[in-house]
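Reading through the structure tokens given below for one structure.
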Amino acid sequence: MQATLKKKILLGVTGGIAAYKSAELLRLLVRAGAEVRVVMTAAACEFVQPLTFHALSGNRVYTDIFDADAESAMDHIELARWADFMVIAPASADFIAKLNQGYGDNILLTLCLASKQPVAIAPAMNQQMYANAATQDNLASLADRGILIWGPDSGEQACGDVGLGRMLEAETLLQELEMHFRPGKLASKRVLITAGPTLEAIDPVRYISNHSSGKMGYALARAAQSAGAEVTLVSGPVNLAIPAGTKRISVNSALEMRDAVMERVEETDIFIACAAVSDYRVEQQAVQKIKKTDDQLQLLLIRNPDIVSEVTAFGNPPFCIGFAAETENLEAHAKAKLKRKNLDMIAANLVGNSDTGFGHDSNELHLFWADGQLHLKLASKQLIAQQLIDQMANLYLAQN
Ligand code: PMT
């Protein structure tokens, strides 16, 4: 293996059955040329002996904040400064909760608090614990603060359950790290992304909309930004924080979204249409609240402009990626949209089920372009977004 990762990596290990995979990650990191220091929580030491990590890294393993020997060799503040990057794998639900709250009651948490360097966590836990609202809130808040969330993967778990919660394989985590240190594929490219729903007013108090939460589009914004792009998000009304380093233009209706996009299209290299734009709006918005006097109410709906089609029809269009939200015949419908809307790539997802599409934190995408396709299997929207941006950048760079 080539020495591709000449970096100082601090590998944090927390308590979980997946801790054994971290020994493999450590081996791969060392083979890739990284200098690695390992920090383990007390719970991690119940699963794997520190000696294993000591032998594989060639360095002492840090387990205790009050360890006089360790502190005299390199105290925990120095250790935080030493690292180019911290990766915590596995990251247990308990650790994730404490990290989110800013606790410092073990050496690994203290290091996270003391570090200015990027931190990635690889969640690993039972699928129900992962799905728990508290865990999801903690992960969302950490992601908003710029912590990279790698995984989890879906599949059979040590406890016998099946679902999202398995730690990513060591090879995948190594790839994530290598990708992180590669000069951003999209350095200095201007990426415009639409996200979230649109809201079509019926009268001053009622509207037509859909279930888009904006999570997929915001994850794409973060991933494009990490790949070095200058990102502008044109966002429908959602309840999400602005991804660090990106610019957000907030809109309500499809017409507002169209105007915000078309104003910027000339200065855009790549356009990603992830928003769930309402296909119709009411022809005549009522100025006053409509009174419920009749048993029936008829609204006349008219078509909204197709924003992504307007962009691809533009004189010198940017590289364009559309989404297809389907409930059946995913491939056929997506390929038809790819052609009809003149897109460079389309990302198709199934909506209306329990793991993918609207509102969920996970997604599964089928990417199609003129002469190829790629399946991004079920994973967190953030990981899926990173994979989509990576593939999209390969296609874009091959053509430009
Ligand atoms: O926001 P989340 O809760 O995370 O959910 C993510 C998502 C399901 C919304 C997202 O992954 C997704 O599929 N977005 C596209 C939804 C959609 O409107 O699909 P569509 O198949 O109806 O539209 C096809 C494409 O045309 C899309 O790129 C859409 O943005 C674009 N379009 C559609 C209508 C319109 N008037 N203007 C458009 O630009």
Side-chain angles (χ1 to χ4, degrees), residues 136 140 143 192-200 208-223 233-240 243 251 253-262 265 270-281 301-314 317-368 376 378-385 387-389 392:
Q136 289 304 318
L192 184 65
I193 302 175
T194 63
T198 64
L199 190 152
E200 311 297 330
I208 298 169
S209 191
N210 59 62
H211 295 295
S212 172
S213 62
K215 287 177 187 171
M216 191 68 240
Y218 277 55
L220 286 166
R222 274 192 292 273
L233 249 180
V234 176
S235 174
V238 298
N239 198 11
L240 298 173
V251 297
S253 67
L255 291 180
E256 286 172 14
M257 185 172 275
R258 192 262 307 263
D259 289 349
V261 166
M262 295 315 286
V265 75
I270 296 167
F271 176 59
I272 307 179
C274 184
V277 185
S278 301
D279 291 311
Y280 294 89
R281 66 180 184 278
L301 302 181
I302 54 170
R303 279 292 284 269
N304 267 326
D306 189 311
I307 302 172
V308 75
S309 298
E310 285 196 15
V311 172
T312 56
F314 192 74
F319 191 82
C320 280
I321 295 94
F323 269 71
E326 308 294 343
T327 53
E328 55 172 1
N329 298 333
L330 190 70
E331 180 166 349
H333 287 320
K335 284 182 167 169
K337 278 181 192 170
L338 177 72
K339 269 201 179 147
R340 191 170 68 244
K341 300 195 182 214
N342 226 349
L343 302 166
D344 293 291
M345 184 169 102
I346 195 153
N349 45 192
L350 277 174
V351 292
N353 66 17
S354 61
D355 282 326
T356 63
F358 291 107
H360 298 293
D361 291 301
S362 55
N363 208 359
E364 178 180 2
L365 290 178
H366 294 262
L367 308 183
F368 301 101
L376 306 182
L378 186 68
S380 70
K381 280 187 174 160
Q382 198 53 59
L383 185 64
I384 289 279
Q387 293 169 342
L388 185 155
I389 291 292
M392 183 273 297

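Being a predicted model, the structure only gives us computed values, none of them experimental. One-based numbering, in listed order, for ligands and for the atoms of each.
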Q: Could you tell me whether the side chain of Arg281 and the main chain of Arg303 form a donor-acceptor pair under 3.5 Å?
A: yes
Q) Does Thr198 reach the main-chain N or O of Ser278 with its side chain, forming a donor-acceptor pair under 3.5 Å? A) yes
Q.
Within ligand 1, which atoms have a heavy atom of Met216 less than 4.0 Å away?
A. 4 (O), 6 (C), 11 (O)
Q.
Ignoring hydrogens, what is the shortest heavy-atom contact between Gly359 and Lys215? Give both atom names and the distance.
A. O-NZ, 2.8 Å
**Q.** Heavy-atom donor-acceptor pair, Asp344 side chain to Cys320 backbone, under 3.5 Å
**A.** yes
**Q.** atom 21 (O) of ligand 1: the protein heavy-atom neighbour that sits closest, reported with distance to 0.1 Å
**A.** Lys337 NZ, 2.4 Å
Q: Would you mind running through ligand 1 and noting each atom that sits below 4.0 Å from a heavy atom of Val308?
A: 26 (O), 31 (C), 38 (C), 39 (O)
Q | Thr194 N/O under 3.5 Å from ligand 1 N/O | A | no
Q. What about Gly214: any of its N or O atoms under 3.5 Å from an N or O on ligand 1?
A. yes
Q: Ignoring angles and geometry beyond distance, decide whether Ala273 reaches within less than 3.5 Å of ligand 1 through its nitrogen or oxygen atoms.
A: yes
**Q.** Close N or O approach (His360, ligand 1; < 3.5 Å)
**A.** no
Q) Closest non-hydrogen protein atom to atom 36 (N) of ligand 1, residue and atom name please, with distance? A) Pro305 O, 2.9 Å
Q: Output yes when a side-chain donor or acceptor of Lys337 lies under 3.5 Å from a complementary backbone atom of Phe323, and no otherwise.
A: no
Q) Distance-only, no hydrogens or angles: does the Ser362 side chain make a donor-acceptor pair with backbone N or O of Leu378 under 3.5 Å? A) no
(Q) Can you tell me how far apart NE2 (His366) and CD1 (Ile346) are? Round to the nearest 0.5 Å. (A) 13.0 Å
Q.
Looking at every heavy atom in both Phe358 and His211, which two are closest together, and how far apart are they?
A. CD2-C, 3.5 Å
Q) Near Gly359, which atoms of ligand 1 are under 4.0 Å from a heavy atom of that residue? A) 2 (P), 3 (O)
Q.
With heavy-atom distances below 4.0 Å as the criterion, list the atoms of ligand 1 near Ala324.
A. 21 (O)
Q. Ligand 1 versus Ala275, non-hydrogen atoms closer than 4.0 Å: side chain, backbone, both, neither?
A. backbone
Q) Which atoms of ligand 1 have any heavy atom of Lys381 under 4.0 Å away? A) 2 (P), 3 (O), 4 (O), 5 (O)
Q.
Closer than 3.5 angstrom, by distance alone: can the side chain of His333 be matched with the main-chain N or O of Ala348 as a donor-acceptor pair?
A. no
Q.
Using modelled atom types and a 3.5 Å cut-off, is there a donor and acceptor pairing between side-chain atoms of Thr356 and backbone atoms of Glu364?
A. no
Q: For the residue pair Lys381 and Asp361, establish whether any side-chain heavy-atom pair is separated by less than 4.5 Å.
A: no
Q.
Please check whether Cys274 reaches ligand 1 - meaning an N/O of the residue sits under 3.5 Å from an N/O of the ligand, judged on distance alone.
A. yes
Q) What's the shortest distance from atom 24 (C) of ligand 1 to any protein heavy atom, and which residue and atom give it? A) Phe323 O, 2.9 Å
**Q.** Polar side-chain atom of Ser253 near backbone of Leu199 as donor-acceptor pair, under 3.5 Å
**A.** no
Q) Can you tell me the protein heavy atom closest to atom 2 (P) of ligand 1 and the distance? A) Ser213 OG, 3.3 Å
Q. Would you say Asn349 and ligand 1 have an N/O pair spaced under 3.5 Å apart?
A. yes
Q: Provide, to 0.1 Å, the distance between atom 35 (C) of ligand 1 and the closest protein heavy atom, together with that atom's residue and name.
A: Val277 CB, 3.5 Å
Q: Check each atom of ligand 1 against the heavy atoms of Gly357 and keep those under 4.0 Å away; list them by number with element.
A: 5 (O), 8 (C)
Q: Could you check which of Ile307, Leu338, Leu365 puts a non-hydrogen atom nearest to atom 38 (C) of ligand 1?
A: Ile307
Q) Any idea which atoms of ligand 1 are less than 4.0 Å away from a heavy-atom of Ala276? A) 16 (C), 18 (O)
Q: Keeping the roles fixed (side chain from Asn363, backbone from Gly357), state whether a donor-acceptor pair exists under 3.5 Å.
A: yes
Q. Where is the nearest protein heavy atom to atom 26 (O) of ligand 1: which residue, which atom, and how far?
A. Lys341 NZ, 2.9 Å
Q) How far apart are the C-alpha atoms of Thr194 and Val277, what are their side-chain angles, what is the distance that settles it, and do they pass the side-chain contact (heavy atoms from CB on, under 4.5 Å) test? A) CA-CA 9 Å; Thr194 63; Val277 185; 5.6 Å; no
Q) When only distance counts, is Gly196 in polar contact with ligand 1, meaning an N/O pair under 3.5 Å? A) no
Q | Contact summary for Pro243 and Tyr218, nearest pair of heavy atoms | A | CD-CD2, 3.6 Å
Q.
Among all the protein's non-hydrogen atoms, which is closest to atom 1 (O) of ligand 1, and how far away is it?
A. Ser212 OG, 2.6 Å
Q: Report yes if Ser278 has an N/O atom closer than 3.5 Å to an N/O atom of ligand 1; otherwise report no.
A: no
Q) Taking non-hydrogen atoms only, is Asp279 closer than 4.0 angstrom to ligand 1 via side chain, backbone, both or neither? A) side chain
Q) Which ligand 1 atoms, with their elements, are less than 4.0 angstrom from a heavy-atom of Gly322? A) 28 (O)
